Amino acid sequence: MSDDKPKNIYEKLHSVTENVKKIYKEQNSGMPYKSVNHNMVTKAVREQIIKERLFVQPIVEENLNQGNLHKVVMSVKIIDIDNPTDTLEIGKFPALGFDNQDKGYGKAVSYAFKYILQKTFMMEIGDDEEVEADIIERDTEEINYDRLGKPYLFISS
């Protein structure tokens, strides 16, 4: 692409995706497993977002508090600073924050925002993202194919 033609928002987002660095899970205090936290993801994306002159506006679409559990649904609006009418909305990412005090809302917002950034920019995470491969126990129980397709009982609120 020629340097004289300004990039559109999609070209800038592609550049961020292409250049965002891989991050690695770390042991966080109070957690029995390694994870990727909000600050790690933000730090990895921030440099590229600034370089491409984009602004990421977090939007809380839904907000529900039920005792110690806080639920939010978030999206982001990405704005091209060089052409503010060039925007893109991404999301709706749900998240839960559990806290015995007043931090549930902030935890839920941080969690949702972290995942919006991770998934939007296809961030590569070191190690297996969901589970540690060496602790998976294989289920040896046979599948009852006669039961498939029949409704399951569940509890809903």
Side-chain angles (χ1 to χ4, degrees), residues 9-10 12-141 150-157:
I9 194 167
Y10 294 102
K12 289 181 176 190
L13 290 170
H14 180 267
S15 182
V16 172
T17 302
E18 186 176 44
N19 293 303
V20 72
K21 292 181 174 41
K22 181 177 183 175
I23 56 178
Y24 294 90
K25 292 180 179 183
E26 294 179 357
Q27 190 69 46
N28 292 302
S29 63
M31 302 292 277
Y33 51 85
K34 291 181 179 181
S35 64
V36 172
N37 66 39
H38 174 268
N39 289 339
M40 293 166 66
V41 172
T42 303
K43 182 179 178 182
V45 173
R46 184 176 186 273
E47 180 181 339
Q48 295 303 316
I49 292 287
I50 291 170
K51 179 181 174 189
E52 292 299 332
R53 298 184 47 78
L54 295 169
F55 178 75
V56 180
Q57 177 185 357
I59 302 165
V60 176
E61 304 269 350
E62 295 176 36
N63 174 21
L64 176 66
N65 186 19
Q66 294 178 323
N68 293 339
L69 189 64
H70 214 101
K71 176 190 174 191
V72 298
V73 176
M74 286 188 66
S75 63
V76 293
K77 183 175 186 178
I78 300 176
I79 303 163
D80 184 343
I81 293 170
D82 298 319
N83 181 5
T85 60
D86 203 0
T87 66
L88 178 67
E89 280 202 37
I90 299 172
K92 301 191 178 187
F93 281 71
L96 298 175
F98 182 77
D99 194 84
N100 292 329
Q101 296 176 9
D102 63 348
K103 296 180 181 87
Y105 175 78
K107 287 179 178 181
V109 168
S110 293
Y111 195 78
F113 190 65
K114 171 181 89 166
Y115 276 102
I116 290 172
L117 294 177
Q118 270 184 253
K119 302 309 176 190
T120 299
F121 298 109
M122 296 184 284
M123 295 182 70
E124 190 176 352
I125 310 295
D127 299 325
D128 183 57
E129 186 175 346
E130 300 300 326
V131 295
E132 297 297 328
D134 59 335
I135 62 170
I136 296 175
E137 291 183 25
R138 300 289 174 211
D139 189 0
T140 57
E141 184 178 325
K150 294 182 181 172
Y152 288 93
L153 295 176
F154 63 93
I155 299 171
S156 67
S157 56

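Remember, predicted model here, so these are calculated numbers, not experimental data.
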Nearest-0.5 Å distance that lies between atom [atom1] in [X] and atom [atom2] in [Y]:
X: K12; Y: D80; atom1: NZ; atom2: CG; answer: 3.5 Å
X: I78; Y: I49; atom1: CD1; atom2: CD1; answer: 6.0 Å
X: N68; Y: F98; atom1: CG; atom2: CZ; answer: 4.5 Å

Exercise: identify the closest heavy-atom pair between F121 and V20: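 Nearest pair, atom of F121 first, then V20: O-CG1, 3.9 Å.
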Scanning both residues in full, the closest heavy-atom pair of A108 with G97 reads CB-N, 3.5 Å
Non-hydrogen side-chain atoms of L96 and Y111 separated by less than 4.5 Å: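 Result no, sub-4.5 Å side-chain heavy-atom pair not found.
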Show me the side-chain donor-acceptor pairs of residues 54-65 shorter than 3.5 Å, one per line, residues at least two apart or across chains.
from	atom 1	to	atom 2	distance (Å)
E61	OE2	S75	OG	2.5
N63	OD1	H70	NE2	2.5
N65	OD1	H70	ND1	3.4

Going by atom type alone, with no hydrogens or angles, which donor-acceptor pairs under 3.5 Å involve a side-chain atom of residues 84-94 and a protein atom two or more places apart or on another chain?
from	atom 1	to	atom 2	distance (Å)
T85	OG1	N83	OD1	2.9
D86	OD2	I9	N	3.1

Under the side chain to side chain donor-acceptor pair (under 3.5 Å) test, which residues partner D102, sequence neighbours left out?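 With neighbours one apart ignored, the set is empty.
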Using the test salt bridge (Lys or Arg N to Asp or Glu O under 4.0 Å), find all partners of K71 that sit at least two apart in sequence or belong to another chain. none
Residue pairs passing the salt bridge (Lys or Arg N to Asp or Glu O under 4.0 Å) test where at least one lies in residues 49-58, sequence neighbours excluded: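 Those involving residues 49-58 are K7-E52, R53-D82.
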